[in-house]
Amino acid sequence: MPNFERPDAVFEEAARRFATPFHLYDEKGIRARARALKAAFSWCEDFEEYFAVKALPNPAILRIMKEEGCGLDCSSETELILAKACGFSGRDIMFSANAMPDSEFEFARELGAYVNLDDISHIDILRRHGGIPETVCCRYNPGGDFKIGTFVMGNPGEAKYGFTYPQLQEGLKSLRELGAKRFGLHAFLSSNTIDNDYYPTLARILFQAGKALAEETGLELAFINLSGGVGIPYKPEENKPDIASIGAAVHAVYDEVFPEGRVAIKTELGRWMTGPNGWLVTHATHHKDTYKHYIGLDACAANLMRPAMYGAYHHITVCGKGDLPCDHVYDVTGCLCENNDKFAIDRALPEIDEGDLVVIHDTGAHGYSMGYNYNGRLRSAEVLLTATGDYRLIRRAETPRDYFATLDIDEAAEALGLK
Ligand SMILES: *Cc1c(COP(=O)(O)O)cnc(C)c1O
């Protein structure tokens with residue numbers, strides 16, 4: 001059970017120091033992943049990981065990424081502000097466009113970031129807002145189904161992202177006329193893939209397309225951006241992607257398509273980097289028996305939306321009860337007035353008592369950051385287990401004052417006793 005290896009004492013100690021619920025992150029684990037990724041691609045000169053900020057947008061985490069030599073993948077003004085505040089600039093920022101306000105192109109160009117265009121119409125927007133850089137990246141959508149062997153891993157034809165191939169041919173030619181000299185090619189064709197063949201299969205598609213487009217358009221192919229999508233085993237029995245073999249398999253394809261080298265590789269992993277290094281630490285607060293057996297937690301979907309949004313599985317353990325048989329079947333719920341607010345449905349667990357410390361695993365990516373304020377529920381704190389074994393509060397929990405901060409009606413604030 002590779003993801004579930006921290007002893008209960010880690011969570012118990014954290015819960016002694018901070019009120020639940022909170023997300024706990026493990027600095028050592030995050031650094032280890034950053035290093036393993038770098039090692040896996042060390043054969044490629046100029047390899048760079050651009051950590052996907054949306055997975056875990058906390059400055060304490062982003063600074064760790066910086067220390068590990070990573071850049072950042074940003075997709076909004078606030079993510080760019082975060083990157084800037086954490087000392088990232090220039091080629092250490094990838095700005096992935098996607099139907100965003102034009103002004104964000106200007107900001108990205110001001111920071112010297114790489115711009116990854118999502119559509120042929122973005123070329124003109126970039127020309128007018130920030131200008132066409134010498135090196136520009138384009139996002140490719142090959143359409144149809146994305147298969148590894150005969151297995152359908154995703155269907156890009158239904159995805160809103162990227163240029164079609166003919167649009168890349170046309171778009172790159174106009175980028176050249178507008179002064180671009182080099183290009184990068186990016187694609188994200190399948191999310192959370194635990195199959196080691198994802199990156200190598202994607203790499204072949206991108207390498208071949210990039211090579212052909214360079215020949216056709218006269219632009220130099222500067223880099224291939226394999227983007228995110230390497231997954232983690234949310235279920236204990238699932239395959240754990242092996243980043244070293246993934247790197248080696250991409251290397252083999254690279255040598256085949258680019259015998260002379262020179263093309264750089266970029267990645268934008270989010271989930272793989274931090275997902276397994278985060279936990280939502282909660283207490284069981286309610287127990288209810290009706291047509292089913294329910295355990296209510298002090299956390300809800302506002303703290304972790306993936307189960308409600310995608311029916312996603314998150315492993316759950318109960319501190320101090322790891323050795324007990326999983327002979328009770330529960331729905332594990334939050335407090336929202338929304339029946340989707342369930343962290344688990346029909347989950348076999350040891351008997352849970354009110355007051356038990358319940359840990360929801362693999363919340364280190366797309367966990368806190370996907371949170372929201374439905375029902376007036378407030379987002380939790382974030383705590384970092386540092387490399388030296390300290391527990392550091394890296395984001396306080398929201399208070400009602402935060403929730404009301406965007407109201408512009410003075411009387412409302414006064415009436416609520418907030419002024
Ligand atoms: C979300 C996203 C990522 C990260 O995806 P993971 O599944 O977390 O690896 C990378 N690049 C872009 C453009 C994204 O939108």
Side-chain angles (χ1 to χ4, degrees), residues 3 25 30 33-34 36-37 40-41 48-58 61-62 65 70-80 82-83 88 92-100 104-105 108 113-119 122 136-141 146 153-154 156 159-163 184-196 198-199 202-203 206 223-234 238 240-241 243 246-247 250 265-278 304-306 309-310 312-314 362-370:
N3 284 359
Y25 307 120
I30 292 172
R33 292 219 153 204
L37 175 63
F41 285 90
E48 186 162 346
E49 151 73 0
Y50 293 77
F51 175 67
V53 174
K54 74 170 190 273
L56 184 40
N58 187 301
I61 305 296
L62 302 184
M65 296 303 177
C70 299
L72 296 183
D73 171 45
C74 301
S75 294
S76 66
E77 182 188 13
T78 45
E79 289 183 356
L80 287 171
L82 256 178
F88 292 85
D92 289 331
I93 304 175
M94 185 75 63
F95 183 66
S96 289
N98 175 25
M100 64 240 318
E104 295 187 0
F105 281 125
Y114 281 124
V115 177
N116 181 20
L117 298 174
D118 182 63
D119 184 54
H122 289 176
V136 61
C137 188
C138 292
R139 185 165 183 161
Y140 176 33
N141 184 332
F146 173 66
M153 298 295 293
K160 66 175 180 169
Y161 307 107
F163 293 56
L185 196 62
H186 167 284
F188 189 155
L189 302 185
S190 183
S191 190
N192 191 31
T193 46
I194 49 175
D195 187 330
N196 282 340
Y198 172 61
Y199 256 9
L202 172 69
L206 283 175
F223 63 83
I224 293 294
N225 184 343
L226 298 173
S227 189
V230 176
I232 59 170
Y234 284 96
E238 280 174 342
K240 180 186 184 189
I243 206 69
I246 292 172
V250 173
I265 303 280
K266 319 280 185 198
T267 56
E268 300 171 342
L269 294 177
R271 191 188 315 274
W272 187 86
M273 292 282 278
T274 55
N277 291 302
L304 178 68
M305 210 204 304
R306 298 187 70 259
M309 184 143 162
Y310 313 113
Y313 180 98
H314 278 267
D362 300 302
T363 70
H366 314 297
Y368 178 93
S369 57
M370 218 185 255

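Order of appearance sets the numbers: ligands from 1, and atoms from 1 within every ligand.
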In a simple table, one pair per line, please give the protein and ligand 1 atom names for every N or O pair closer than 3.5 Å, along with the distance.
residue	atom	partner	partner atom	Å
ligand 1	8 (O)	R271	N	2.7
ligand 1	8 (O)	H366	NE2	2.7
ligand 1	9 (O)	G229	N	3.0
ligand 1	9 (O)	G270	N	3.1
ligand 1	11 (N)	D73	OD2	3.1
ligand 1	11 (N)	S227	OG	3.2
ligand 1	11 (N)	E268	OE1	2.7
ligand 1	15 (O)	K54	NZ	2.7

Inset, instruction - Tell me whether the guanidinium CZ or amine NZ of R306 lies under 6.0 angstrom from the six-membered ring centre of Y234 and within 45° of its axis. - result: yes

Inset, instruction - List in chain and number order the residues that pass side chain to side chain contact (heavy atoms under 4.5 Å, CB included) with S369, two or more places apart in sequence or in another chain; answer none if no residue qualifies. - result: P57

Inset, instruction - Mind checking the SG-CZ spacing from C137 to F223? Nearest 0.5 Å is all I need. - result: 4.0 Å

Legend entry - Between OH on residue Y310 and OG on residue S191, distance to nearest 0.5 Å: 7.0 Å

Legend entry - Flag, side chain of S227 to backbone of H186, donor-acceptor distance under 3.5 Å: no

Legend entry - N/O donor-acceptor pair under 3.5 Å between S190 side chain and M153 backbone: yes

